[in-house]
Amino acid sequence: MEPICPIDSSCSNQISLLLNPPSPPQVQKYFEELIKTRQSCGLEVRTNGKHGKGVYAKVDFKEGDLVLKDPVLFGIQHSSNKMDCLVCSHCFQFIGSVELQIGRKLYLRNLADASGSNSGKRKFSSALKDCSGQCNESRDHGDSDVEEYDVDRCGLSDSKSNTNVIPKDVIDSLMEGGLKLPHSDIVSLPAVVSCPGKCKEAYYCSQSCAEADWNLYHSLLCTGKGSKSLSTEALSVFIQHANETNDIFLLAAKVISFTILRYRKLKTVYFEEKEKHDAPSILGSCNFSLLLEAWEPVSMGYKRRWWNCISLPDDVDCHDEVAFRLQIKKLAFTSLQLLKAAIFDKECEPLFSLEIYGHIIGMFELNNLDLVVESPVENYFLYIDDLPDSEKEKAEKVTESFLDALGDEYSGCCEGQWKFG
């Protein structure tokens, strides 16, 4: 049975306007203004009836020239990658220290191996949040309490006989900043900054990134005490569903949160201007105009319904295509209902229609980029490997045990998906 979303019919006119593609002049104006803010005068965006939008060079760039530096508009780290990498939730650079990255990865891996039961899985999920914020507090207050690794004291002197086991107290000391690996200061990472809303899902490289993420999206998607969502419990259920099914729903939630927060800012400015000119503060139909304006960055992306544009998996027979696409539509509807329970805003009601939600997800399905950030842990071990023989031998008495314990995945990158603006 087809899922039925009442908002699709009650807000059909607004939905149609939101999904109406911008005209070529609107596209041209939007990207001209956007490029100006990026301080790049050598590029322009042109529209073509056959191929759509394209970026063109207006000057001859030389090899090595920076063509464009553009921030991520919507991006996420894959849920499955969070065990391997602790990164800034806004700009996705690695944070903390090499010790924290290694210790956290080993700790979570050990916990995951022991989490076969449902209670074990719950403990692992909780630990993933709790250990993410363990930063090198001792380094923030100087190095007086940080000890260099002593191979014998740490129980690593006979690493050859037990290459994959690191004592728990050593892992804890790595995460808490009590022990320092040899030469780890060659990799400088920003300290861990906690979420302004006090959740244990998001961490940052700086206060500026924390504030930017909070103002753009996270204040509505935070599960902490300072969250501006309707229900942090409902939000947690939505996040869990996305993690268990498809984390593209988390990207879609960011788009809706971004648009709502942008709408509220525009509305505040609107009222302030009315008060300055002593005019009646009645929004009326103007509130939808503000919603259209808030939606503008999203309107520039090409969209189709997710369940119509997703590729048929290899293991699905062509005769089962209709059933498969209906299943995808139902999955999106379930996700939408969970999100609606968490952050619904009546003034932005059209955003919670299945039609809009499906087109947002379809936008990412059709035109998305892989997010890959190289690992500082890999760079650290490569540095150790390139040391002069005498220094290398001394360092490897400690590092070799950790490298063995990490295994082939020691160089794991931060992985996710993103769309720039």
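Side-chain contact between L338 and F333 is absent, with no heavy atoms from C-beta onward closer than 4.5 Å.
Ionic pairing of K394 and E396 is not present here: no N-O contact between side-chain nitrogen and carboxylate oxygen is shorter than 4.0 angstrom. Between K36 and E33 there is no salt bridge, since none of the side-chain N atoms of the basic residue sits less than 4.0 Å from a carboxylate O of the acidic one. In summary, R304 and E365 do not engage in a salt bridge, as defined by a charged side-chain N under 4.0 Å from a carboxylate O. Between R109 and E409, at least one side-chain nitrogen of the basic residue sits less than 4.0 Å from a carboxylate oxygen of the acidic one, meeting the salt-bridge criterion. By the 4.0 Å N-to-carboxylate-O rule, E347 lies too far from R264 to be salt-bridged with it.
Of the possible polar contacts, one joining the W418 side chain to the D370 backbone as a donor-acceptor pair under 3.5 Å is found. Here the side chain of E99 pairs a donor or acceptor atom with the backbone of L181 at under 3.5 angstrom. In this structure, the side chain of D8 does not engage the main chain of S353 through any donor-acceptor pair within 3.5 Å. Remark: the backbone N or O of I310 is paired with a side-chain donor or acceptor of R325 at under 3.5 angstrom. A donor-acceptor pair under 3.5 Å is absent between the side-chain atoms of S184 and the main chain of K180, judged by distance alone. Formation of a donor-acceptor pair under 3.5 Å by the S257 side chain with backbone atoms of K254 is not found in this model.
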Walk me through it: do E2 and K330 pass the test salt bridge (charged side-chain N to carboxylate O under 4.0 Å, His left out)? CA-CA 8 Å; E2 287 270 349; K330 288 179 178 178; over 6 Å; no

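Counted by atom type alone, T47 and Q28 present zero donor-acceptor pairs between their side chains at under 3.5 Å. Inspection of the S335 and Y357 side chains reveals an N or O donor paired with an N or O acceptor under 3.5 Å.
Partners of N81 by side chain to side chain contact (heavy atoms under 4.5 Å, CB included), not counting sequence neighbours, listed by chain and number: Q77, H78, D84, C85, C414, E415.
Checked against a 6.0 Å centroid threshold, the rings of Y204 and W214 do not count as neighbours.
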